[in-house]
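First up is the structure itself, then whatever we jot down about it.
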Protein chains: 2
Amino acid sequence: MGATKTENFTGKQNSIATMIKALGHPARIAIIEYLVKVDTCICGDIVNELPLAQPTISQHLKELKNAGLIKGNVEGNSICYCIDEKAIDKLQKYFSTIAAKLEKKNNCC
Amino acid sequence: MGATKTENFTGKQNSIATMIKALGHPARIAIIEYLVKVDTCICGDIVNELPLAQPTISQHLKELKNAGLIKGNVEGNSICYCIDEKAIDKLQKYFSTIAAKLEKKNNCC
DNA sequence: AATCTTTATCGTAATATTGCAATATTAAAT
DNA sequence: ATTTAATATTGCAATATTACGATAAAGATT
């Protein structure tokens, strides 16, 4: 095997897992944190910011985009990437909901 | 290559990425959601709950445990797994912080 | 039009992940 | 002491991910 059995899980489970998975890599965390840090939208300098080759970063950006975490607008010959706030909100709410539910319980461990 | 270049990122970036990565799989999301759903701590029925073989589930539990998301207590010949609230709190705060920072910005995309 | 800049894609090697059958381990029950 | 039940580990095949050099594509600049 080696392939995830997505058909055995609910659509919601798969979709949240996909979003989360896209963030499960330090380079992609670094990209998101950089996008949060800079006040204007980022255009081309992620390559200078990260210790990875340009094709690698392009690939990571693609994954973040596929997962809906960032958006990219063509701006001349460069591209303006920024965070999709809705995606972050979804993740924030997901964990807030879990945290709230946990508070009402008496964990045994 | 194929291995993540962890040495090029900060400890914080690597540690949050590790936690998030552990959740980036529908089976592990399903496990967490099941642990949230059941009111008592789970012991052995995750295997009956999920459409995966026992060794596969054991492996997923191990990953969640390694990432600090769940704890496991031996309880007779079975094991009582439960969510580590601190880990969920960390994730919740991480995304809340990002969401708050984003609100103060005017996204261009 | 030729060149430069920026980003994407292709191809490929190295490594990691997913899943499970078979087997081991550990403790309870008989 | 054997058997049963629950969980973990091992070994392995299938697939996915990570990384990057080489190259392509597309708009800007000269």
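Letters A, B, ... mirror the listed sequences (proteins, then strands); counts begin at 1.
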Check B:L91, B:L61, B:L35 against B:L69 for a side-chain contact (heavy atoms from CB on, under 4.5 Å) and give me the one that passes.
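By the side-chain contact (heavy atoms from CB on, under 4.5 Å) criterion, B:L69 pairs with just one of B:L91, B:L61, B:L35: B:L91.
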Name the residue from A:I31, A:L64, A:I32 that meets the side-chain contact (heavy atoms from CB on, under 4.5 Å) definition with A:I83.
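Result: among A:I31, A:L64, A:I32, A:I32 is the only option passing the side-chain contact (heavy atoms from CB on, under 4.5 Å) with A:I83.
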For the pair made of [atom1] in [X] and [atom2] in [N], what is the distance, rounded to whole Å?
X: A:I42; N: C:dT7; atom1: CD1; atom2: C1'; result: 14 Å
X: A:F9; N: C:dT18; atom1: CZ; atom2: P; result: 11 Å
X: A:E75; N: D:dA28; atom1: CD; atom2: P; result: 10 Å
X: A:L23; N: D:dT17; atom1: CG; atom2: P; result: 15 Å
X: A:I57; N: C:dA8; atom1: CD1; atom2: P; result: 11 Å
X: A:I79; N: D:dA26; atom1: CD1; atom2: P; result: 12 Å
X: B:L64; N: C:dT18; atom1: CG; atom2: C1'; result: 14 Å
X: B:L50; N: C:dG19; atom1: CG; atom2: C1'; result: 13 Å

Is any side-chain nitrogen or oxygen of [X] closer than 4.0 Å to OP1 or OP2 of [N]?
X: A:Y81; N: C:dT6; answer: no
X: A:H25; N: D:dA19; answer: yes
X: A:K21; N: D:dA16; answer: no
X: A:H60; N: D:dT17; answer: no

Quick check: on DNA chain D, is the nucleotide nearest A:A27 upstream (toward 5') of the one nearest B:K62, or the reverse? Name the residue that is more 5'.
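Nearer the 5' end of the strand: B:K62.
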Please compare A:G76 and A:G24 by the position of their nearest nucleotide in DNA chain D and report the one closer to 5'.
A:G24
For the side chain of [X], starting at C-beta, report the closest nucleotide among [options].
X: B:E63; options: D:dA16, C:dT18, D:dT7; answer: C:dT18
X: B:T56; options: D:dT7, D:dT18, C:dG19; answer: C:dG19
X: A:L52; options: D:dT7, C:dG19, D:dA19; answer: D:dA19
X: A:S78; options: C:dT18, C:dT7, D:dG21; answer: C:dT7

Using a 3.5 Å distance criterion without hydrogens, assess whether the side chain of [X] forms a donor-acceptor pair with backbone atoms of [Y].
X: B:T18; Y: B:N14; value: yes
X: B:S96; Y: B:Q92; value: yes
X: B:Q13; Y: B:T10; value: yes

Side chain of B:N77, base of C:dT26: donor and acceptor closer than 3.5 Å?
no
Between the base of D:dA19 and the side chain of A:Q59, is there a donor and acceptor pair under 3.5 angstrom?
yes
Toward the 5' end of DNA chain C, by each residue's nearest nucleotide, A:P55 or A:T6:
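Its nucleotide being nearer the 5' end, the pick is A:P55.
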Restricting to non-hydrogen atoms, name the atom on A:I88 and the atom on B:F95 that form the minimum distance, rounded to 0.1 Å.
CG2-O, 4.1 Å
